[in-house]
Novice: 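Dumping the structure here so I can ask a few things about it.
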Protein chains: 2
Amino acid sequence: MSPEAQTGPATQIANDLRAAIANGTLQPGAKLPTVRDLAEQYGVSRNTAAKAIAQLSNEGRIVTRYGSGAYVREAHPVRRVGQDRYAKSNWANSTVEVYRDERHEGEPAEQQGTQTQEVTLLSADERVAQALGVEVGADVYERDRIMFRDGKPTHLVTSYYRREDVEGTAIIDSRPGMAGSGGSFAILAERGLAPDEMTEELFARMPTVEEMVSLDLPPGEPVVEQWRTTRTAEGRVIEYAKGVHPASRFVWSYTFKIPD
Amino acid sequence: MSPEAQTGPATQIANDLRAAIANGTLQPGAKLPTVRDLAEQYGVSRNTAAKAIAQLSNEGRIVTRYGSGAYVREAHPVRRVGQDRYAKSNWANSTVEVYRDERHEGEPAEQQGTQTQEVTLLSADERVAQALGVEVGADVYERDRIMFRDGKPTHLVTSYYRREDVEGTAIIDSRPGMAGSGGSFAILAERGLAPDEMTEELFARMPTVEEMVSLDLPPGEPVVEQWRTTRTAEGRVIEYAKGVHPASRFVWSYTFKIPD
DNA sequence: TAGTGGTCTAGACCACTTC
DNA sequence: AAGTGGTCTAGACCACTAA
């Protein structure tokens with residue numbers, strides 16, 4: 001960045017527009033002045049005005065529609081993600097699915113289906129091996145999914161399982177929907193590997209280009225990467241999973257007793 | 001963004017450099033080709049080459065040093081933030097501080113001190129009022145802090161307390177360091193308001209301009225915003241706090257039993 | 001067809017680092 | 001003094017939207 005305060009025309013235009021968005025002069029969904037109008041109003045070149053628009057886009061404050069205009073970004077429906085989504089009551093009866101409590105009110109469950117699923121048998125890298133408690137290079141199953149809702153991608157999940165834990169189950173059936181959107185816990189429980197404890201680690205970062213495409217992310221939208229380790233009551237790890245979630249659509253909630 | 005695949009020269013340069021970073025050809029800390037060199041190599045204008053550099057900067061993959069060059073961003077030391085940081089053993093003895101377990105090995109505790117602290121008595125807005133269980137407009141204390149480590153800002157914390165809970169305590173003493181970096185739990189416990197349960201809600205977003213300045217954030221660095229509600233065993237809320245953390249420097253970890 | 005966002009050029013100047 | 005990142009201009013062209 002610039003060494004001192006940024007006082008160039010492009011920065012000034014961006015600041016003005018940002019303030020207008022912040023104080024409500026420009027409501028969500030409102031159309032911003034065109035690049036050409038801004039250039040004229042501020043007496044700068046079109047290039048400079050466009051730079052201000054691009055800046056706000058990178059900050060995630062506006063979206064631009066090619067050939068149409070730039071618009072203040074709409075508020076996003078946010079999903080609150082708490083420990084309850086894993087509740088045993090959701091999967092003890094294997095006909096229901098995990099994530100049930102995340103469903104919008106009145107929304108048919110059918111709209112939640114997994115749309116893509118890809119299962120491969122591969123050699124565990126160091127990270128996965130350590131998490132699953134197998135040796136590096138051992139065969140493990142990877143299940144790669146893109147989760148959809150209302151026809152739009154919501155998040156990515158990549159799960160890893162010890163081979164012997166899931167061999168022959170619907171979990172590794174590549175046909176989409178065979179394991180539902182979370183029936184894996186019920187299936188594991190039936191095999192005597194009932195989930196009991198979980199560790200979730202999360203952090204945020206900017207998305208990769210591939211993630212921007214898969215999740216249809218606008219510029220300036222970070223993602224939350226989550227690593228989930230699921231264990232049985234005996235402490236055996238039965239699933240190690242990575243999730244990639246668009247930051248603006250999820251709030252993560254954890255409630256716990258303060259430890260001694 | 002562009003409607004189809006992005007195949008402009010600037011995008012191509014950015015892609016090439018991004019790939020070089022990803023595959024290790026350009027190691028962290030390595031200097032990228034200069035804008036002028038890139039322009040010549042690709043046969044484009046300097047402007048276009050600069051755009052590619054700016055793009056990678058916005059993605060958080062490189063940092064640019066004015067007058068010096070562009071460099072692959074160094075790996076950041078990451079702090080793992082788990083429930084243990086609130087453990088009672090850390091504050092039951094009021095001479096020690098919370099966050100003790102986050103300290104780097106061998107690093108003097110003194111380097112962790114709060115550097116700025118600002119306390120104000122203000123009227124609770126709806127969010128704070130609801131969280132603290134007081135009426136909207138009631139007087140509450142706000143304690144605004146910037147936390148430092150090794151002379152550099154690490155995160156922002158804004159805490160809210162019910163007036164009667166903290167009146168006359170060191171918690172609302174504006175002199176920096178009076179409440180240490182977490183002695184507030186010990187102080188509250190001494191008043192019969194021992195923390196027992198906590199809810200943390202978090203999500204990621206791009207920072208505001210003010211946060212970029214306060215936290216010395218590079219472009220392309222998201223922040224994690226955390227809202228923490230602390231309750232006594234009786235369920236009374238004794239602190240409601242907002243934290244703003246640079247995304248790349250923290251990993252959040254939660255371990256819990258799967259609920260029934 | 002007209003309007004709009006996105007990109008690029010060629011040249012210029014500025015602010016800062018490095019030597 | 002030389003090198004480098006950052007910004008800006010004026011003009012051009014392209015891709016897409018909307019009527």
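By convention in this document, chain letters (A, B, ...) are assigned in the order of the sequence lines, proteins followed by strands, and residues within each chain are numbered from 1. The analysis underlying the following values was restricted to heavy atoms, covering all of them including side chains, and did not include hydrogens, waters or symmetry mates.
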Novice: May I ask you to verify if any side-chain N or O of A:Thr64 is less than 4.0 angstrom from the OP1 or OP2 atom of C:dG6?
Specialist: yes
Novice: Salt-bridge test for A:Arg85 and A:Glu200: reply yes if a basic N is under 4.0 Å from a carboxylate O, no otherwise.
Specialist: yes
Novice: Can you measure B:Ile13 atom CD1 to C:dT7 atom P for me and round it to whole angstrom units?
Specialist: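 Whole-Å distance recorded here is 13 Å.
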Novice: Rounding to a whole Å, what distance do you find between B:Lys51:NZ and D:dC8:P?
Specialist: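 So the NZ-P distance, B:Lys51 to D:dC8, works out to 14 Å.
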Novice: To the nearest Å, how far apart are A:Leu56 CG and C:dG5 C1'?
Specialist: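 One finds 14 Å between C1' of C:dG5 and CG of A:Leu56, rounded.
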Novice: As a quick check of understanding, evaluate side-chain hydrogen bond (donor to acceptor under 3.5 Å, both in side chains) for A:Asn23 and A:Thr25, giving each step before the final call.
Specialist: CA-CA 6 Å; A:Asn23 72 21; A:Thr25 303; 2.6 Å; yes
Novice: Between C:dG5, C:dT7, D:dC8, which one does the side chain of A:Ala10 approach most closely?
Specialist: D:dC8
Novice: Just how far, in rounded Å, is P of D:dT4 from CD of B:Glu40?
Specialist: 11 Å
Novice: Between D:dG6 atom P and B:Gln55 atom CD, what is the distance in whole Å?
Specialist: 13 Å
Novice: Determine: side-chain N/O of B:Thr48 to OP1/OP2 of C:dT7, distance under 4.0 Å, yes or no.
Specialist: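 So the side-chain polar atoms of B:Thr48 never come under 4.0 Å of the phosphate oxygens OP1 or OP2 of C:dT7.
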Novice: Look at the side-chain N and O atoms of B:Ser68 and state whether any lies under 4.0 Å from the OP1 or OP2 oxygen of C:dT17.
Specialist: no
Novice: For A:Arg36 and B:Thr34, take the nucleotide of DNA chain D holding the closest heavy atom to each; which residue's nucleotide lies nearer the 5' end?
Specialist: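 Its nucleotide being nearer the 5' end, the pick is B:Thr34.
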Novice: For the pair made of OH in A:Tyr66 and P in D:dC16, what is the distance, rounded to whole Å?
Specialist: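 Distance, rounded to whole Å: 7 Å.
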Novice: Could you tell me the separation between the NZ atom of A:Lys31 and the P atom of D:dT17, rounded to a whole number of Å?
Specialist: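 That distance rounds to 14 Å.
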Novice: Starting at the 5' end of DNA chain D and moving along, which residue's nearest nucleotide shows up first, A:Ser45 or B:Arg65?
Specialist: B:Arg65
Novice: In whole angstroms, how far is the P atom of D:dT4 from the CG atom of B:Asn47?
Specialist: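 After rounding, the gap between these two atoms is 17 Å.
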Novice: Which nucleotide wins on minimum distance to the side chain of A:Val44, given the candidates D:dC13, C:dC8, D:dT9?
Specialist: D:dT9
Novice: Pick base, sugar-phosphate or nothing for B:Ala54, based on heavy-atom distances below 4.0 Å to the nucleic acid.
Specialist: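 Answer is nothing: B:Ala54 stays at 4.0 Å or more from every strand.
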Novice: Classify the angle between the aromatic ring planes of B:Tyr254 and A:Tyr254 as parallel (below 30°), tilted (30 to 60°) or perpendicular (above 60°).
Specialist: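 Parallel: the ring planes of B:Tyr254 and A:Tyr254 meet at under 30°.
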Novice: So, does A:Thr154 use its side chain to make a donor-acceptor pair with the main chain of A:Met147 at under 3.5 Å?
Specialist: yes
Novice: Within the 3.5 Å criterion, strictly below it, is a donor on B:Glu59 or B:Gln55 matched to an acceptor on the partner's side chain?
Specialist: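 Yes, B:Gln55 and B:Glu59 have a side-chain donor paired with an acceptor closer than 3.5 Å.
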